[in-house]
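Residue numbers start at 1 and run along the sequence shown.
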Amino acid sequence: MSFRLSQRDKDIIGFINQFRAVDRNSLVELFFKQLKSPVNACNSVMVRLYRLGLIERTQQYSPTVYLPIDAKIKKNSQKILHFLSILDVYKQMCTYSIPKQVIVEDKPTGRKGGIEPDLFCIFKGSPFWIEIQRNQYSEQKMQDKIHLYEEFFFSDEWKTLQWQPEDRAAIFPSVILITPVRYAVNSDHIRIIQVASIHELMEKYKSSHKKQREERPKVVSSSNGIKINLT
């Protein structure tokens with residue numbers, strides 16, 4: 001069969017491959033919102049790509065969720081909700097600034113048993129590893145997770161990750177815990193931020209930025225020492 005894909009077609013397929021599970025409404029928001037009839041346009045494109053065998057889909061959810069053609073997750077798997085929660089965090093970020101160097105289910109140690117953040121990205125000039133906690137865990141389990149980050153910090157292996165800047169010193173990402181529950185976890189070596197959403201993160205640092213600008217006009221830093229450019 002001979003067919004030609006538009007650049008948008010290729011971008012959509014690449015995006016689905018990257019995020020593993022993408023719902024129709026998110027595709028409308030990210031790729032079609034500028035059109036006169038975005039939902040109809042999206043539906044037409046996705047049906048065509050599905051019939052061409054370039055994407056998979058599951059109608060276990062409403063609206064339809066699209067998957068990579070070689071997806072190894074079952075169409076009724078709870079893992080789909082996990083990937084949709086990662087996508088939701090990404091979309092929240094996009095309302096402020098498009099994240100760069102995005103890696104879904106990052107495995108920076110390259111080995112089993114190391115840290116496995118749900119998302120890595122550079123957001124507003126700062127690198128972050130993001131853990132999305134959809135379920136509530138024990139304090140000990142969360143502290144054990146932080147200890148894995150500390151172990152990686154002391155390994156120095158992070159200094160050679162491909163996204164590290166070439167023109168300045170390597171940076172260890174801050175760790176964001178997206179959770180409705182606040183855990184009594186701490187670290188003397190890495191920065192940990194606990195928020196319920198990216199929107200809360202941005203409100204928190206806007207307030208901190210405003211306060212410090214009033215107190216020290218030339219200093220831009222959060223109360224936790226985490227610098228983030230909000231402009």
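Contact detail for P108 and L161: the closest heavy-atom pair is O-CD2, 3.9 Å. When all heavy atoms are compared, the tightest approach of L87 to A21 is CD2-O, 4.0 Å. For Q143 against V185, the heavy-atom pair with the smallest separation is OE1-CA, 3.2 Å. Among all heavy-atom pairs drawn from A169 and P165, the shortest one is O-CG, 3.8 Å. Residue P127 comes nearest to W163 through the heavy atom pair CB-CZ3, 3.8 Å, listed as atom of the first residue, atom of the second, then distance. The minimum heavy-atom distance linking M202 with F123 is given by the pair SD-CE2, 3.7 Å.
In this structure, the side-chain contact (heavy atoms from CB on, under 4.5 Å) partners of I132, at least two apart in sequence or on a different chain, are S85, I86, V89, D118, I130, R134, I178. A search for side chain to side chain donor-acceptor pair (under 3.5 Å) contacts involving S26 returns D23, K91, not counting sequence neighbours. Not a single ring-ring contact (aromatic ring centres under 6.0 Å, His included) links F32 to another residue, sequence neighbours left out. Remark: Y96 pairs with H199 by the ring-ring contact (aromatic ring centres under 6.0 Å, His included) rule, at least two apart or across chains. Under the side chain to side chain donor-acceptor pair (under 3.5 Å) criterion, D106 pairs with W129, not counting sequence neighbours. Residues satisfying the side chain to side chain donor-acceptor pair (under 3.5 Å) criterion with N40, sequence neighbours excluded, are absent altogether. Scored by the ring-ring contact (aromatic ring centres under 6.0 Å, His included) test, F31 finds F15 as partners (sequence neighbours excluded).
Ring centroids of Y90 and F19 are separated by less than 6.0 Å, placing the two rings close together. Between H189 and Y149, the distance separating the two ring centers is not shorter than 6.0 angstrom.
Sorted by first and then second residue, the salt bridge (charged side-chain N to carboxylate O under 4.0 Å, His left out) pairs involving residues 32-44 (not counting sequence neighbours) form an empty list. For residues 170-183, every residue pair satisfying the salt bridge (charged side-chain N to carboxylate O under 4.0 Å, His left out) rule, not counting sequence neighbours, is listed here: R182-E200. Sorted by first then second residue, the salt bridge (charged side-chain N to carboxylate O under 4.0 Å, His left out) pairs that include residues 137-151, not counting sequence neighbours, are E131-K145.
Under the 3.5 Å distance criterion, the side-chain polar atoms of Q194 are matched with a main-chain donor or acceptor of Y183. Here the side chain of Q92 pairs a donor or acceptor atom with the backbone of I198 at under 3.5 angstrom. No side-chain donor-acceptor contact under 3.5 Å links E116 to the backbone of E105. The closest donor-acceptor contact from the side chain of Q136 to the backbone of T179 lies at 3.5 Å or more, if one exists at all.
Taking SG of C121 as the reference point, atom CD1 of I176 lies at 7.0 Å (rounded to 0.5 Å). Considering CD1 of I193 and CZ of F128, their distance stands at 5.0 Å, rounded to 0.5 Å. Summarising the geometry, atom CD1 belonging to I122 is positioned 8.0 Å from atom CD belonging to Q164; distances are rounded to the nearest 0.5 Å.
Two residues are said to be in side-chain contact when any heavy atoms from C-beta on lie closer than 4.5 Å; I13 and K10 fail this criterion. Residues I103 and L119 fail the side-chain proximity criterion, which asks for heavy atoms closer than 4.5 Å. K112 has its side chain out of reach of K107: every pair of non-hydrogen atoms, C-beta onward, lies at least 4.5 Å apart. Between I115 and V175, the closest side-chain pair of non-hydrogen atoms is not below 4.5 Å.
Counted by atom type alone, E29 and N25 present zero donor-acceptor pairs between their side chains at under 3.5 Å.
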Item checked: Evaluation steps, side-chain contact (heavy atoms from CB on, under 4.5 Å), between Q162 and Q101 -> CA-CA 10 Å; Q162 56 87 18; Q101 303 282 347; 3.7 Å; yes

Next item on the list: Quick one: do C42 and R24 satisfy side-chain contact (heavy atoms from CB on, under 4.5 Å)? Show the steps, please.
Entry: CA-CA 8 Å; C42 180; R24 192 277 314 275; 4.0 Å; yes

Note to self: With side-chain contact (heavy atoms from CB on, under 4.5 Å) as the criterion, how do I12 and L27 come out once you've worked through the C-alpha distance, each side chain's angles and the decisive distance to 0.1 Å?
What the structure shows: CA-CA 8 Å; I12 289 172; L27 291 170; 4.1 Å; yes

Notebook entry, point to check: For V195 and L177, what are the C-alpha separation, side-chain angles and deciding distance, and is it a side-chain contact (heavy atoms from CB on, under 4.5 Å)?
Noted result: CA-CA 6 Å; V195 290; L177 301 180; over 6 Å; no

Item checked: Steps toward salt bridge (charged side-chain N to carboxylate O under 4.0 Å, His left out) verdict (R111, E157) -> CA-CA 12 Å; R111 56 182 176 270; E157 294 174 25; 3.3 Å; yes

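Each of F120 and I171 belongs to its own hydrophobic cluster when Ile, Leu, Val, Met, Phe, Trp and Tyr are linked at side-chain heavy-atom distances under 4.5 angstrom. The cluster map of Ile, Leu, Val, Met, Phe, Trp and Tyr, joined by side-chain heavy atoms under 4.5 Å apart, puts I98 and M93 in the same cluster. Hydrophobic clustering places F152 together with I192 (ILVMFWY residues linked when any side-chain heavy atoms are closer than 4.5 Å, directly or through intermediates). Note on V47 and L52: separate hydrophobic clusters, where clusters join Ile, Leu, Val, Met, Phe, Trp and Tyr whose side-chain heavy atoms are under 4.5 Å apart, directly or indirectly.
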Do any side-chain atoms of residues 60-76 form donor-acceptor pairs under 3.5 angstrom with protein atoms, and if so which ones, sequence neighbours left out?
unit_1, atom_1, unit_2, atom_2, d
Y61, OH, S77, O, 3.1
K75, NZ, E56, OE2, 3.1
K75, NZ, R57, O, 3.3

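Within 6.0 Å of NZ on K100 lie no more than 12 heavy atoms contributed by other residues, nucleotides or ligands.
With respect to D9 and R4, no salt bridge is recorded, no charged nitrogen being found less than 4.0 Å from a carboxylate O. Ion pairing between a basic and an acidic side chain is recognised when a charged N comes within 4.0 Å of a carboxylate O; D11 and R8 show no such pairing.
Grouping Ile, Leu, Val, Met, Phe, Trp and Tyr residues whose side-chain heavy atoms lie under 4.5 Å apart, directly or via other members, places V39 in a hydrophobic cluster with V28.
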